[in-house]
Amino acid sequence: MNIFRLAGDMSHLVAILILLLKIWRSRSCAGISGKSQVLFALVFTTRYLDLFTSFISAYNTVMKVVFLALSYATVYLIYMRFRNSYDSENDTFRVEFLLVPVIGLSFLENYSFTPMEILWTFSIFLESVAIMPQLFMITKTGEAESITNHYLFFLGLYRALYIVNWVWRYHTEGFFDQIAVVSGVVQTIFYCDFFYLYVTRVLRGRGKMSLP
Amino acid sequence: GMRVDDHDEL
């Protein structure tokens with residue numbers, strides 16, 4: 001554990017909480033892609049199966065359980081509790097275009113050809129593209145509420161901090177997780193355009209922003 | 001190298 005990794009995990013947690021509290025307080029999930037949230041729940045489910053097989057640390061176990069619970073709570077709020085506000089007409093990204101290549105790749109490129117490792121790899125690859133339905137939705141509707149932008153900012157910050165963490169771990173421990181690093185870098189690139197718009201528009205007080 | 005049974009990151 002290093003400070004970058006911890007800060008990355010905390011950014012991730014803050015992002016998830018921002019989204020959950022936004023939906024809860026406004027009693028609405030307008031502008032939120034339910035598809036992205038289902039994909040993130042799937043990411044956590046397939047990655048954290050090792051909760052049953054290996055103990056790493058109390059921190060690790062607690063965070064996994066918290067991420068799982070929060071992601072399922074978010075999906076519940078969108079599709080059950082506040083489903084009347086769910087904007088399904090604009091949440092039209094074809095998820096199978098992500099799932100098919102990701103499933104295929106996780107069978108081809110993994111650390112060992114076992115169900116647990118293939119599912120772990122699947123979760124890493126899926127996480128790198130899971131935000132695409134949300135970004136697609138923003139592009140389609142032309143704008144996002146500032147709170148949605150804060151959510152995306154902390155999600156992107158989490159990814160950026162994880163890269164710093166990997167550089168740190170490579171130099172201090174010789175640790176290098178090729179699958180996580182390559183897909184992590186790809187994932188972070190998706191946020192670059194968004195980061196630029198966030199800094200130039202949202203932080204300069206316009207509140208809302210639209211993607212070109 | 002890394003052990004495949006030890007994914008310690010979240």
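So that the names make sense, note that chain A is the first sequence line, chain B the second, and so on, each numbered from 1. In this text the structure is predicted, and so the values were computed from the model without any measurement.
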Trainee: Between A:Arg5 and B:Leu10, is any pair of side-chain heavy atoms under 4.5 Å apart?
Mentor: yes
Trainee: Got more than 12 heavy atoms from elsewhere within 6.0 Å of OH, A:Tyr196?
Mentor: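 Check fails, neighbour count at 12 or below.
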Trainee: Can you check whether A:Tyr48 reaches B:His7 side chain to side chain, under 4.5 Å on heavy atoms?
Mentor: no
Trainee: What parts of residues 59-73 of chain A touch chain B if we use heavy atoms and a cut-off under 4.5 Å?
Mentor: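 Listed by number, the contacting residues are A:Tyr59, A:Asn60, A:Met63, A:Lys64, A:Phe67.
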Trainee: Residues of residues 156-169 of chain A under 4.5 Å from chain B (heavy atom pairs)?
Mentor: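 Listed by number: A:Tyr162, A:Asn165, A:Trp166, A:Arg169.
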Trainee: In this structure, are over 12 heavy atoms from other groups packed under 6.0 Å from A:Arg27 atom CZ?
Mentor: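 It does: A:Arg27 CZ has more than 12 such atoms within range.
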Trainee: Could you check whether atom CD1 of A:Ile3 has more than 12 heavy atoms from other residues, nucleotides or ligands sitting under 6.0 Å from it?
Mentor: no
Trainee: Nearest heavy-atom pair of B:Asp8 and A:Ile56: which atoms, and what distance?
Mentor: CA-CD1, 3.7 Å
